[in-house]
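Following this message is one structure expressed as structure tokens.
Here is the naming used below: chain letters follow the sequence lines, and residue numbers restart at 1 for every chain.
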Amino acid sequence: MAEGRHYWLMKSEPNAFSIDDLARSPKQTTSWDGVRNYQARNFMRAMNIGDQVLFYHSNAQPPSVVGIAEVVKTAYPDATQFDKKDAHYDPASDPDEPRWDVVDIRFVRKFAAPLSLDQLREEASLKGMELLRKGSRLSVQPVKPTEWNAILRLARTHTD
DNA sequence: GCCAACGTTGGC
DNA sequence: GCCAACGTTGGC
């Protein structure tokens with residue numbers, strides 16, 4: 001880890017793919033496909049093996065950080081962009097220069113209890129976190145070490 | 001279901 | 001290059 005370990009947050013709708021789905025996946029690993037936002041893609045391209053990921057459930061009740069995953073394979077082309085039957089098919093993507101990438105992530109652990117957006121907003125040290133910004137829609141985003149530490153501390157103390 | 005806050009597309 | 005129209009995300 002010459003460049004050090006970096007922290008990220010990735011959003012998924014639990015109806016589509018939850019942290020339990022990740023834990024049940026073969027080798028507890030999945031490729032994070034379907035990202036069709038350049039900023040999110042660029043963050044995935046910046047990921048290194050061993051980087052740690054907060055797994056976030058969006059469109060959940062309540063929306064929450066639910067656990068941790070880690071990057072086990074760096075960015076490579078997303079096969080779904082070339083699959084006409086896939087919801088994320090992108091006819092404009094050139095197979096010789098694929099537009100969209102995935103990374104592979106592996107389940108690390110699930111928190112004893114989900115950490116809701118409201119709980120995160122109560123934490124002073126998380127003020128300014130991208131996730132908490134009004135109108136923030138970025139599905140893959142960097143997390144500062146201080147934010148990572150604060151969230152893990154909250155996950156230890158909130159068990160209800 | 002509503003709608004604010006985006007990001008993308010395409011006419012000009 | 002501008003920007004209106006459109007489609008999507010995601011909290012509420």
Side-chain angles (χ1 to χ4, degrees), chain A residues 6-25 30-47 51-71 75-105 107-108 110-144 146-148 150-155 157-160:
Chain A
H6 291 99
Y7 302 110
W8 311 92
L9 180 144
M10 294 167 108
K11 297 180 181 175
S12 185
E13 300 192 19
N15 287 341
F17 191 83
S18 70
I19 193 164
D20 293 325
D21 292 326
L22 178 62
R24 280 193 296 265
S25 295
T30 196
S31 61
W32 205 255
D33 60 24
V35 170
R36 295 294 181 269
N37 171 283
Y38 289 107
Q39 212 179 343
R41 180 206 65 185
N42 291 343
F43 285 134
M44 289 203 296
R45 287 183 174 174
M47 290 179 182
D51 280 4
Q52 302 291 109
V53 178
L54 293 172
F55 200 104
Y56 178 81
H57 282 173
S58 60
N59 274 315
Q61 291 167 16
S64 310
V65 176
V66 291
I68 298 172
E70 71 178 342
V71 177
Y76 62 100
D78 182 346
T80 66
Q81 70 195 305
F82 303 122
D83 180 358
K84 286 181 179 159
K85 294 187 181 68
D86 193 277
H88 300 288
Y89 173 60
D90 182 357
S93 182
D94 175 1
D96 292 330
E97 203 161 341
R99 183 176 288 187
W100 306 112
D101 282 0
V102 298
V103 294
D104 288 358
I105 64 167
F107 176 81
V108 172
K110 187 178 170 180
F111 291 160
L115 265 181
S116 71
L117 262 190
D118 285 346
Q119 286 172 302
L120 299 181
R121 287 207 178 92
E122 287 169 11
E123 174 65 28
S125 56
L126 295 179
K127 208 176 174 206
M129 188 179 177
E130 168 65 22
L131 181 71
L132 305 183
R133 224 190 76 238
K134 182 180 165 73
S136 169
R137 300 189 316 181
L138 198 53
S139 65
V140 178
Q141 52 184 265
V143 172
K144 297 186 187 80
T146 51
E147 295 166 346
W148 176 271
I151 287 171
L152 288 214
R153 181 169 43 74
L154 287 174
T157 54
H158 289 268
T159 54
D160 55 319

Selection from C:dT8, B:dT8, C:dG11 that lies nearest to any side-chain heavy atom of A:Y38: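 Selected nucleotide: B:dT8.
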
Ring geometry between A:F55 and A:H57 (parallel below 30°, tilted from 30 to 60°, perpendicular above 60°): perpendicular

Proximity to the side chain of A:L117 - top-ranked nucleotide from B:dA5, C:dG10, C:dC12: C:dC12

Which nucleotide in B:dG7, B:dA4, C:dG11 has an atom nearest any side-chain atom of A:P63: C:dG11

Length of the OH-C1' vector between A:Y56 and C:dG10, whole Å: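 Those two atoms, OH and C1', are 8 Å apart.
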
Separation of atom CD in A:E13 from atom P in C:dC12, rounded to whole Å: 15 Å

Contact under 4.0 Å: A:R99 side-chain N or O vs B:dT8 OP1/OP2: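 So the side chain of A:R99 is outside the cut-off, no N or O lying under 4.0 Å from OP1 or OP2 of B:dT8.
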
Salt-bridge present (A:D90, A:R36; N to O < 4.0 Å): no

Rounded interatomic separation in angstrom, taking CG from A:L138 and P from B:dA4: 22 Å

Whole angstrom value for the distance that separates P of C:dT9 from CG of A:N37: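 The distance from CG of A:N37 to P of C:dT9 comes to 10 Å, rounded to the nearest Å.
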
Proximity to the side chain of A:R121 - top-ranked nucleotide from B:dT8, B:dA4, C:dC12: C:dC12

Separation of B:dC3 C1' from A:K134 NZ (nearest whole Å):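 The answer, rounded to whole Å, is 10 Å.
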
A:D21 versus A:S18, side-chain donor and acceptor atoms under 3.5 Å: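 The answer is yes; a qualifying pair exists.
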
Rounded interatomic separation in angstrom, taking CE from A:M10 and C1' from C:dG10: 18 Å

Between A:D78 and A:T80: side-chain donor-acceptor atoms closer than 3.5 Å: yes

Step-by-step side-chain contact (heavy atoms from CB on, under 4.5 Å) determination, A:F43 to A:L9: CA-CA 10 Å; A:F43 285 134; A:L9 180 144; over 6 Å; no

Interatomic distance, A:N15 CG vs C:dG11 P [rounded to whole Å]: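 From A:N15 CG to C:dG11 P: 13 Å.
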
Residue whose closest nucleotide on DNA chain B lies nearer the 5' end, A:G135 versus A:R36: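 Result of the comparison: A:G135.
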
Position toward the 5' end of DNA chain B (nearest nucleotide), A:N59 or A:R133: A:N59

Under-4.0 Å side-chain N/O to phosphate OP1/OP2 contact, A:K11 with C:dT9: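 Checking A:K11 against C:dT9: no side-chain N or O falls below 4.0 Å of OP1 or OP2.
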
Atom-pair distance (CZ on A:R137; P on B:dC3), nearest Å: 17 Å

